[in-house]
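Let me begin by presenting the structure, written as structure tokens, before commenting on it.
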Protein chains: 2
Amino acid sequence: MEVPDIIKKDVEKKGGLEGIINLLAVEDKIIQKSKIHHALSDPLRMKILNLLIIQPLCVCLIKEAIDMPDSKLSYHLSVLKECGLIEGKRRRNWIIYHATKLGKEYKV
Amino acid sequence: MEVPDIIKKDVEKKGGLEGIINLLAVEDKIIQKSKIHHALSDPLRMKILNLLIIQPLCVCLIKEAIDMPDSKLSYHLSVLKECGLIEGKRRRNWIIYHATKLGKEYKV
DNA sequence: TTGTGGTTTCAAAATAAATTGAAATAGGTA
DNA sequence: TACCTATTTCAATTTATTTTGAAACCACAA
């Protein structure tokens with residue numbers, strides 16, 4: 001296979017394609033990152049996370065902020081929780097969610 | 001609706017739920033961000049972007065790096081391109097892709 | 001206990017995204 | 001012109017995610 005001359009030298013300097021591939025982060029790290037991106041790939045979840053960065057809230061207040069059925073909200077909370085962007089603490093009858101340290105890195 | 005006492009005061013300090021919602025970024029910005037996250041939500045695309053951050057490459061070299069059919073690769077390139085993470089420049093017979101300034105912010 | 005408000009879980013249906021292979025395009029060459 | 005290589009596009013299929021509404025769960029109070 002031919003390689004365009006304009007990149008040929010640079011690729012060779014980096015040890016060819018193999019050398020370039022070796023410079024990539026390990027697969028696990030890439031997969032982990034893409035999971036976080038997936039959790040944030042929905043505007044609703046982005047909004048929820050950012051609300052919780054501003055202020056920890058019980059589910060009922062989140063629900064009031066972004067109008068949607070309980071089960072839908074619960075689903076999106078679970079996606080955010082699954083990859084460690086938010087956490088929930090039970091407080092009497094409520095569960096109060098807050099953004100984690102990781103989650104706070106994704107403030108918009 | 002009742003609000004848990006533990007957050008009640010903090011919420012009020014911030015102007016109630018309404019005040020908190022006003023602190024959110026505007027909808028368009030949130031949507032734009034979530035599109036970027038969506039583009040990065042697939043490990044393949046994460047890998048492609050990171051290859052291109054290391055070194056601009058023609059499609060045929062990317063294809064050699066991460067073995068997959070042309071049309072599949074082309075699809076993923078288009079997703080990354082659509083939201084401005086990468087750009088392609090024609091050079092004779094080839095198209096050479098590179099990470100944009102925006103794209104480079106997402107290096108793993 | 002029974003009831004109630006707050007929240008999650010579940011399975012089914014709806015929607016969106018990814019994969020495939022074939023056909024099309026575009027630039028360059030014989 | 002006809003042809004070749006690199007790449008994209010398209011439509012059909014497969015797979016994954018989201019939405020829904022009903023049922024379950026859980027902590028607390030009457």
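Remember, it's a predicted structure, so these values are computed and weren't measured experimentally.
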Item checked: Contact check, side chains of A/K89 and A/W94, non-hydrogen atoms, under 4.5 Å ->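 No - every pair of side-chain heavy atoms lies 4.5 Å or more apart.
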
Next item on the list: Answer whether the closest heavy-atom distance between the side chains of B/D70 and B/K63 falls below 4.5 Å.
Entry: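 Yes. Closest side-chain heavy atoms under 4.5 Å.
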
Check: Starting at the 5' end of DNA chain D, which residue's closest nucleotide do you reach first, A/D42 or B/K81?
Finding: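 The 5'-side residue here is B/K81.
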
Atom-pair distance ([atom1] on [X]; [atom2] on [N]), nearest Å:
{"X": "B/Y75", "N": "D/dC10", "atom1": "OH", "atom2": "P", "answer": "14 Å"}
{"X": "B/L61", "N": "D/dT7", "atom1": "CG", "atom2": "C1'", "answer": "14 Å"}
{"X": "A/L57", "N": "C/dT7", "atom1": "CG", "atom2": "P", "answer": "11 Å"}
{"X": "B/L44", "N": "C/dA17", "atom1": "CG", "atom2": "C1'", "answer": "13 Å"}
{"X": "B/M68", "N": "D/dA6", "atom1": "CE", "atom2": "P", "answer": "18 Å"}
{"X": "A/H37", "N": "D/dA16", "atom1": "NE2", "atom2": "C1'", "answer": "19 Å"}
{"X": "A/I96", "N": "C/dG6", "atom1": "CD1", "atom2": "P", "answer": "13 Å"}
{"X": "B/L73", "N": "D/dA6", "atom1": "CG", "atom2": "C1'", "answer": "11 Å"}

Under 4.0 Å between a side-chain N/O of [X] and OP1 or OP2 of [N], yes or no?
{"X": "B/H76", "N": "C/dT19", "result": "yes"}
{"X": "A/R45", "N": "D/dT18", "result": "yes"}
{"X": "A/Y97", "N": "C/dT8", "result": "yes"}
{"X": "A/R91", "N": "D/dA27", "result": "no"}

Determine whether a donor-acceptor pair (N or O, by modelled atom type, separation under 3.5 Å) exists between the side chain of [X] and the backbone of [Y].
{"X": "B/T100", "Y": "B/L85", "value": "yes"}
{"X": "A/N50", "Y": "B/A25", "value": "no"}
{"X": "A/K14", "Y": "B/I54", "value": "yes"}

Nearest of [options] to any side-chain atom of [X]?
{"X": "B/R90", "options": "D/dT7, C/dG27, D/dT17", "value": "C/dG27"}
{"X": "A/K72", "options": "C/dG27, D/dT19, D/dT7", "value": "D/dT19"}
{"X": "A/H38", "options": "C/dT29, D/dT8, D/dT17", "value": "D/dT17"}
{"X": "A/V59", "options": "C/dT8, D/dT7, D/dT18", "value": "C/dT8"}
{"X": "A/P69", "options": "C/dG6, D/dT20, C/dT19", "value": "D/dT20"}
{"X": "A/R92", "options": "D/dC28, C/dG6, D/dT8", "value": "D/dC28"}
{"X": "A/I95", "options": "D/dT20, C/dT8, C/dG6", "value": "C/dT8"}
{"X": "A/S71", "options": "C/dT19, D/dG21, C/dT8", "value": "D/dG21"}

Check: Do A/N93 and C/dG5 share a donor-acceptor pair, side chain to base, under 3.5 Å?
Finding: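 Result: at least one qualifying N/O pair found.
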
Note to self: Does B/M1 reach a base, just sugar-phosphate, or nothing at all? Heavy atoms under 4.0 Å.
What the structure shows: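 B/M1: backbone/sugar contact only, no base atoms under 4.0 Å.
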
Item checked: Position toward the 5' end of DNA chain C (nearest nucleotide), A/C58 or B/V79 ->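 The residue mapped nearer the 5' terminus is A/C58.
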
Margin query: What I want to find out is whether A/R92 reaches B/D5 closely enough, with some N-O distance under 4.0 Å, to be called a salt bridge.
Written below: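 Looking at B/D5 together with A/R92, the answer is no, because their closest N to O distance does not fall below 4.0 Å.
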
